[in-house]
Amino acid sequence: MKIPILMYHQICEQVSPGTPFRGLLVRPAAFRRQMALMHLLGYQGLSMSGLLPYLQGKAVGKVFGITFDDGYLNNLELALPVLQRYGFSATCYAVSRMLGQTNAWDIAQGVPQVPLMTAKELSEWIDQGQEVGSHTCDHLKLPQLDEVSQRYQLMQSRMDLERDLPSQEAVRHFCYPYGAFDRDTVQLVQQAGYQSATTTRRGRADVGSANDLLLLPRVLVSRRTSLPLFALKCFSAYEDRRGTSAY
Ligand SMILES: [Zn+2]
């Protein structure tokens with residue numbers, strides 16, 4: 001049994017030609033069509049908290065996960081209304097020390113800077129039935145850090161977000177920046193008390209495999225993903241065979 005966990009970054013209309021990683025900027029109309037299709041087929045879109053019992057094999061149903069990396073303001077402005085329309089919930093992974101700033105970690109690659117949600121905007125996201133997970137404090141490649149720094153990024157980001165977002169009970173879900181991890185990192189994620197962690201490894205998640213909850217693969221939805229391809233990614237082995245990093 002496989003469950004697709006969709007990976008989105010930004011939802012936005014305009015992209016200037018030549019923008020690096022512009023494939024990660026999904027058009028609002030495409031996002032709407034994707035969610036409408038899942039709804040039409042009777043599937044319920046869930047945040048990682050909502051999805052967890054299904055991943056553990058404790059619940060069974062037509063469900064899929066929805067995740068947004070980095071915490072862009074356009075998630076609140078353009079994705080939230082669509083999620084609400086269908087009664088879906090999603091997890092947005094925020095970078096705890098960069099709330100209200102921009103995706104500064106992308107500057108060196110020439111990626112245009114766009115606003116990230118402030119604590120107030122993330123609280124609004126939560127108040128509208130959505131979830132916030134951690135994407136570290138500073139969007140760093142964890143395996144490049146020593147153990148103390150990795151622990152800090154994992155623990156402190158949780159504490160930052162739990163302090164800044166009191167309307168969410170706890171931060172229990174994690175996403176590896178750049179999809180970067182090694183064996184030590186995964187162990188540290190577990191020790192930091194996270195219940196799940198998503199990667200950029202492509203594929204659908206296996207049900208009932210407890211070890212894999214900290215190494216969850218996702219289904220990459222890009223600007224070029226047509227609706228038929230989206231369906232293929234969610235309902236066939238297409239994405240499971242990709243296996244490589246999304247970047
Ligand atoms: Zn990221």
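Both counts, for ligands and for their atoms, begin at 1 and track the order of listing. Nothing fancy with the numbering, it's 1 onward along the sequence. For clarity, every value in this text was computed on a predicted model and none was experimentally measured.
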Could you confirm whether H135 has any N/O/S atom lying under 2.8 Å from the Zn ion (ligand 1)? yes

Is the Zn ion (ligand 1) under 2.8 Å from any N, O or S atom of H139? yes

Among the N, O or S atoms of D70, the one nearest the Zn ion (ligand 1):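 Considering only N, O and S atoms, D70 comes nearest to the Zn ion (ligand 1) through OD1.
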
Taking 4.0 angstrom as the limit, do K120 and E124 come out as a salt bridge?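 Salt bridge absent between K120 and E124.
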
Residues forming a side chain to side chain contact (heavy atoms under 4.5 Å, CB included) with Q187, sequence neighbours excluded: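 Here the qualifying residues are Q191.
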
If you look only at distance, which donor and acceptor atoms sit under 3.5 Å apart when one is on a side chain in residues 24-47 and the other is two or more places apart or in another chain?
unit_1	atom_1	unit_2	atom_2	d
Q34	OE1	Y8	OH	2.7
Q44	NE2	G87	O	3.0
S47	OG	G50	N	3.3

Minimum heavy-atom distance P4-V219, with the two atoms named: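 In this case the closest contact between P4 and V219 is CB-CG2, 3.9 Å.
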
